[in-house]
Protein chains: 2
Amino acid sequence: MTNFEGMGSLTEENYIKSIYSLSLEAGEVTVSELAKKLNVKLPTVNSMIKKLAAKKVVSYAPYQGIKMTEKGKKEALSIIRKHRLAELFLVKVMGLGWEEVHDIAEQLEHVESERFYNRIDEMLGKPKVDPHGEPIPDVNGKIHSKNRLAVSQMKEGTSGKISAVSNDEKSFLDHLNAKGIQIGDLITLKKRESFDGSVLIITKAKKETMLTHQVAERIWVES
Amino acid sequence: MTNFEGMGSLTEENYIKSIYSLSLEAGEVTVSELAKKLNVKLPTVNSMIKKLAAKKVVSYAPYQGIKMTEKGKKEALSIIRKHRLAELFLVKVMGLGWEEVHDIAEQLEHVESERFYNRIDEMLGKPKVDPHGEPIPDVNGKIHSKNRLAVSQMKEGTSGKISAVSNDEKSFLDHLNAKGIQIGDLITLKKRESFDGSVLIITKAKKETMLTHQVAERIWVES
DNA sequence: TTTTAAAGTTAGATGAGTCTAACATTTAAA
DNA sequence: TTTAAATGTTAGACTCATCTAACTTTAAAA
């Protein structure tokens with residue numbers, strides 16, 4: 001089965017998505033970061049990067065980092081749009097839980113059909129955020145993102161409404177479900193432990209819960 | 001009926017689906033029929049058949065035809081179930097036309113998620129037929145199919161209610177749409193031309209329309 | 001029944017995406 | 001500032017799904 005013009009293979013799409021998300025953290029992406037994220041070896045990434053560079057999706061020079069081009073960003077945002085629309089659709093229309101939609105969306109994001117995604121977009125009322133509070137790029141790849149602050153960065157004694165979590169894997173969301181944490185909840189930061197960065201928060205249900213740094217930096221409040 | 005363990009690649013799934021549908025016509029499938037259907041050359045089919053035979057999905061001996069095993073049939077029915085559920089979902093829930101769902105379903109049928117398909121099945125009320133009137137296999141691969149008669153086989157002067165069309169490609173369905181033919185319509189066969197097998201029918205809208213043999217043998221009435 | 005056409009098979013090549021082993025460069029430590 | 005560790009690259013091999021070219025078997029025609 002052939003792929004459409006312009007768009008790459010499934011594998012290429014996965015590289016593009018990963019490069020994009022890593023580049024949000026650091027700007028430049030290294031070959032080893034990418035290899036780790038995609039669960040392949042360094043030479044595999046190396047050869048694929050050359051191919052993507054030839055296609056002008058990334059810019060790259062040996063031993064220098066990998067940088068996305070505008071073309072690459074557009075493709076990445078198109079895939080992310082599809083992924084997030086799919087997740088919201090699975091939750092809102094199909095009644096699945098926010099913790100179980102990631103793996104399905106990971107497959108649906110590769111479906112090639114304007115019609116399919118436009119209908120989803122319409123049915124959901126051209127939504128701005130996915131079930132995890134992450135912004136959904138519009139058809140032109142534009143993201144309307146709000147200012148936000150990681151729980152790990154909140155000042156002691158302050159409160160905030162949870163607006164997003166930046167990880168949609170089941171294990172992470174099961175963890176949040178177990179602690180009764182959801183998008184929209186008002187939480188208060190009671191204490192931060194300086195030696196390990198863990199935080200003690202007071203949840204909506206007035207319960208105290210400890211979050212490790214890795215968890216707290218992936219939960220965001222409006223700011 | 002599992003999707004995960006022994007399930008093959010996307011390519012294998014497409015072979016299995018094609019072998020199954022060809023075998024419904026003839027029982028035994030030839031290498032060249034399959035090559036034509038999948039749009040690949042003979043040696044490509046030859047080598048893939050060996051692989052599928054090794055996996056006990058088909059039985060095969062050189063120069064003899066290809067025959068599906070029970071295991072192969074089960075896999076085929078699982079894929080067909082997903083394809084038809086997807087088509088009905090796209091029409092009923094997402095409001096797409098019956099002529100535009102095939103290509104999307106062709107992609108969705110490869111989604112691996114029991115959860116996804118069970119929800120679709122539930123939302124649709126465990127449906128028995130897809131938008132083209134074709135039966136949807138249940139989770140165990142069982143098909144509840146009604147007796148039916150091809151329009152090409154109807155006796156002159158008899159009437160029947162259209163129960164299915166056995167081709168879901170856009171070009172074919174656009175053709176039927178243009179003639180105003182839909183599932184559930186009552187039609188009457190006025191005349192059959194013996195030299196080319198074409199038929200003249202009277203549609204629901206009381207209009208006379210000519211159908212070629214190729215079209216008439218793909219439209220079915222209840223019997 | 002012999003010959004020819006059609007269908008099927010084998011052998012070997014290709015491109016995509018992956019790997020391991022060996023080598024090169026950059027960065028961090030001693 | 002030299003050396004060791006980490007990171008990146010090249011070369012060559014493997015699997016999957018495909019191809020073309022050449023050969024074999026079966027079926028159809030003369």
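The sequence lines fix the lettering, A, B, ..., with proteins before strands; numbering per chain opens at 1. Just so it is clear, the model here is predicted, and its values are computed rather than measured. Any value given below was found using the heavy atoms of this structure, including those in side chains, with hydrogens, waters and symmetry copies removed.
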Cationic N near anionic O, under 4.0 Å, Lys17(A) to Glu109(A):
yes
Take the protein atom CG of Leu34(B) and the nucleotide atom P of dG8(C), then report the distance between them rounded to whole Å.
10 Å
Side chain to side chain contact (heavy atoms under 4.5 Å, CB included) partner of Ile136(B), the single match among Leu77(B), Leu88(B), Ile80(B)
Leu88(B)
I need the CD-C1' distance between Glu28(B) and dA27(D), as an integer number of Å.
16 Å
Using atom NZ of Lys37(B) as one end and atom C1' of dA7(C) as the other, report the distance to the nearest whole Å.
20 Å
Do His102(A) and His83(A) have ring centroids that are under 6.0 Å from one another?
yes
Atom CG of Asn39(B) and atom P of dC19(D): how far apart are they, to the nearest Å?
8 Å
Using whole Å, report how far CD of Glu33(A) lies from P of dT7(D).
10 Å
Please name the pair of heavy atoms, one in Ala216(A) and one in Val199(A), separated by the smallest distance, quoted to 0.1 Å.
CB-CG2, 3.8 Å
Are Glu122(A) and Arg119(A) close enough for a salt bridge, meaning some N to O gap below 4.0 Å?
yes
Under a 4.0 Å heavy-atom cut-off, which of residues 42-50 of chain A touch DNA chain D?
Leu42(A), Pro43(A), Asn46(A), Lys50(A)
Check Val29(B) against Ile19(B) and note the closest heavy-atom contact, atom names and distance.
CG2-O, 3.6 Å
Would you indicate, yes or no, if dT18(C) has its OP1 or OP2 atom less than 4.0 angstrom from a side-chain nitrogen or oxygen of Tyr15(A)?
yes
For the pair Asp138(A) and Lys126(A), find out whether any cationic side-chain nitrogen is under 4.0 Å from an anionic carboxylate oxygen.
no
Tell me: NZ of Lys41(B) to C1' of dC16(D), nearest whole Å?
19 Å
Taking for Val31(B) and for Thr11(A) the nucleotide of DNA chain C with the nearest heavy atom, the one nearer the 5' end belongs to Val31(B)
One thing to verify: whether Lys170(A) and Glu100(A) come together as a salt bridge, which I'm taking to mean a side-chain N less than 4.0 angstrom from a carboxylate O.
no
Is Glu33(B) paired with Lys36(B) through a side-chain N to carboxylate O contact shorter than 4.0 Å?
no
Within residues 62-69 of chain B, residues whose heavy atoms come under 4.0 Å of DNA chain C:
Pro62(B), Tyr63(B)
